[in-house]
Each structure stands twice: as C-alpha cells, then as structure tokens.
A.B. asks: 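Have a look at this one before I ask anything.
Throughout, a chain's letter reflects where its sequence line sits, starting with A, and its residues are numbered from 1.
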Protein chains: 2
Amino acid sequence: MLETTDAQADRSQITAPHRELLDEVLDKWSLQVLEELCEQPLRFNELRRAIPAVTQKSLTTTLRRLERNGMVERLVTSTRPVAVEYRITPLGTTLQDLIDALLGWTGANMAKVERARERFDAEA
Amino acid sequence: MLETTDAQADRSQITAPHRELLDEVLDKWSLQVLEELCEQPLRFNELRRAIPAVTQKSLTTTLRRLERNGMVERLVTSTRPVAVEYRITPLGTTLQDLIDALLGWTGANMAKVERARERFDAEA
DNA sequence: CGGAATCCTTTTCGATACTG
DNA sequence: CAGTATCGAAAAGGATTCCG
C-alpha cells in the first residue's frame with residue numbers, strides 16, 4: 001500500500017505553530033544563548049562577551065523571544081545601576097539534550113558535509 | 001572552581017561552521033522538505049504540493065542548499081519534459097532521528113510554551 | 001515539468017545616539 | 001548596566017514572466 005495509515009501519517013502532520021516554535025528556539029542566536037545559559041546564569045553584558053558576534057539589538061530580541069516562550073527568565077535586581085540576570089528555566093533545560101544531539105550530529109558529520117560541498121561546488 | 005576544564009569547555013566551543021550548517025539544514029523549509037523526502041522520493045512539483053506554503057523560488061533555494069550539503073540528491077531523467085526526482089541521501093537520513101526528536105519535543109511542550117506566551121503577553 | 005531571471009516589497013541588521 | 005529609538009543598508013521573500 002502506498003497510502004499511509006492514520007498512525008503513520010501523524011509524523012508528517014506537523015502543524016505550523018510547531019515549526020514556528022522551532023524557528024524561534026533553534027535560530028542562530030537562540031541556540032548559542034541557550035548553550036551559555038545551560039551552563040550558568042549570565043547577565044546581559046556577560047552574554048554579549050560570551051557571544052562576541054551578537055549585536056546588542058539581536059541579543060535583546062533573542063532574549064525577549066526566549067523569555068516569551070518560557071525558555072529563559074529575566075531577573076531584575078533594582079540596585080543603583082540595575083542588574084539583570086538571565087537564567088534557563090526548567091522548560092528551557094528540556095531543550096538541552098536536543099541541542100547537544102544537534103551539536104553532536106554536526107561534529108560527527110561535518111567532514112562529510114564539507115566533502116559534499118566541495119563536490120557540489122566543483123561540478124558547478 | 002569557576003573555570004571550566006578543557007574537557008568541559010568543548011561543549012560550548014562550537015565553531016561557526018557547525019552553527020551555519022544547522023542554520024542551513026534546520027530552517028523552516030529545509031525541515032519540511034527533509035520530512036517529506038524521508039518518507040519517499042518526490043519530484044519538484046510534488047514537493048510544492050506537499051508543502052503548499054512554499055514558493056517555487058524558496059523551494060529551489062532550499063533544495064539546492066540541501067543538495068550542496070549532501071542531504072538530498074537530484075536525479076534528472078531526460079525525458080521530453082524533464083523529470084527531476086529528489087531523494088534523501090544516507091547522510092540525510094542521519095538527520096531523521098534528530099528531526100523526529102525535535103518534533104517530539106514541540107509536541108510534548110507546546111502547551112507549556114503557549115501558557116508561557118500568554119503569561120508574558122498578559123503582563124506587557 | 002522544472003526551473004532561471006527580473007522586479008519589487010518586506011523583513012532583517014548593524015551602527016549610532018540616547019536614557020533611567 | 002541594560003536597554004530603547006531611529007535610520008539606512010542589506011538580505012530575504014513574493015509575484016510575475018519566460019524558457020528548454
């Protein structure tokens with residue numbers, strides 16, 4: 001049978017909200033921010049230093065989105081110059097294994113990918 | 001000690017090429033294309049129909065990138081109107097478990113994320 | 001059928017300046 | 001310190017037209 005059963009079909013039946021969530025949580029900067037915060041809570045400028053390539057604007061956007069999605073929480077200490085600490089939430093930690101798996105995958109397959117790229121670029 | 005050992009540090013020591021690869025392979029359309037091709041080889045217009053929201057331009061770009069990275073292969077049959085079939089490569093299939101895990105994660109946590117969003121939007 | 005080429009609109013982005 | 005506001009440049013995306 002070529003037709004899938006209902007039980008088989010549900011794997012490809014991913015709804016748009018699910019994909020949008022992955023987009024928000026797995027993008028370039030989110031991934032790096034989550035990596036850092038999984039290790040330890042950090043303040044805004046500590047994150048900037050930990051991820052040198054990120055601009056202040058992008059970091060703000062990324063943190064707001066992660067906060068909105070419940071991945072990180074923002075703790076404000078009302079001292080003289082305010083101190084803002086970002087830390088991973090329990091929900092955020094559920095992503096850690098997946099992120100590790102993704103990074104593990106790149107580590108394991110990067111060489112093959114680069115050879116594929118060379119082949120592709122060569123024939124063009 | 002706050003300093004990480006060399007052994008601990010390598011988890012966060014992800015190089016830029018690794019992240020770029022994830023960006024190319026996990027983006028919005030790539031994810032859906034890989035899902036489809038993991039199930040069965042498809043032709044260009046079959047993919048368009050399987051992913052109604054994608055434009056011809058975006059699909060072309062996505063397929064070229066996946067092909068360049070060795071995730072899919074492009075098979076041209078020189079019939080009268082050419083037939084082009086796309087199929088997942090062995091390297092591409094190594095991503096399937098990760099994609100399934102990602103989709104599983106969204107399924108398991110989507111409700112929590114939506115509640116987090118409501119809380120966040122409410123206090124704003 | 002499977003695109004490439006073009007045009008145009010729309011996000012996105014970095015840089016800069018300013019604020020509590 | 002931790003942002004917001006603004007502006008211009010750059011990149012991405014959609015619609016349309018054309019081609020082997």
A.B. asks: Ignoring the backbone of Tyr86(A), work out which of dC1(D), dG3(D), dG14(C) is nearest its side chain.
C.D. replies: dG3(D)

A.B. asks: What is the distance, rounded to the nearest whole Å, between atom CG of Leu42(B) and atom C1' of dC1(C)?
C.D. replies: 15 Å

A.B. asks: Expressed as a whole number of angstroms, how long is the span from Leu75(B):CG to dC1(C):P?
C.D. replies: 19 Å

A.B. asks: What is the nucleic acid contact for Thr79(B), judged by heavy atoms within less than 4.0 Å: base, sugar-phosphate only, or nothing?
C.D. replies: nothing

A.B. asks: Specify the separation, in whole Å, of atom CD of Glu24(A) and atom P of dT12(C).
C.D. replies: 11 Å

A.B. asks: With a non-hydrogen cut-off below 4.0 angstrom, is Arg48(B) in contact with a base, only sugar-phosphate, or nothing?
C.D. replies: nothing

A.B. asks: When the nearest nucleotide of DNA chain D is assigned to Ala53(B) and to Arg64(A) on a heavy-atom basis, which residue is associated with the more 5' position?
C.D. replies: Arg64(A)

A.B. asks: If we fit an axis to the first five pairs and another to the last five of the helix from dC1(C)-dG20(D) to dG20(C)-dC1(D), what angle do they make, to the nearest 10°?
C.D. replies: 50°

A.B. asks: Just how far, in rounded Å, is P of dG3(D) from CD of Glu85(A)?
C.D. replies: 12 Å

A.B. asks: Taking the basic N atoms (NZ, or NE/NH1/NH2) and the acidic carboxylate oxygens, is any pair closer than 4.0 Å for Arg87(A) and Glu85(A)?
C.D. replies: yes

A.B. asks: Checking all strands, does Arg80(A) fall into the base, sugar-phosphate, or nothing category for heavy-atom contacts under 4.0 angstrom?
C.D. replies: nothing

A.B. asks: Roughly, in whole Å, what's the span from CG in Asp27(B) to P in dA12(D)?
C.D. replies: 11 Å

A.B. asks: Does the side chain of Phe120(A) reach to within under 4.5 Å of the side chain of Glu67(B), using non-hydrogen atoms?
C.D. replies: yes

A.B. asks: Listing time: all N or O pairs from protein to nucleotides 15-20 of chain C that are below 3.5 Å?
C.D. replies:
none

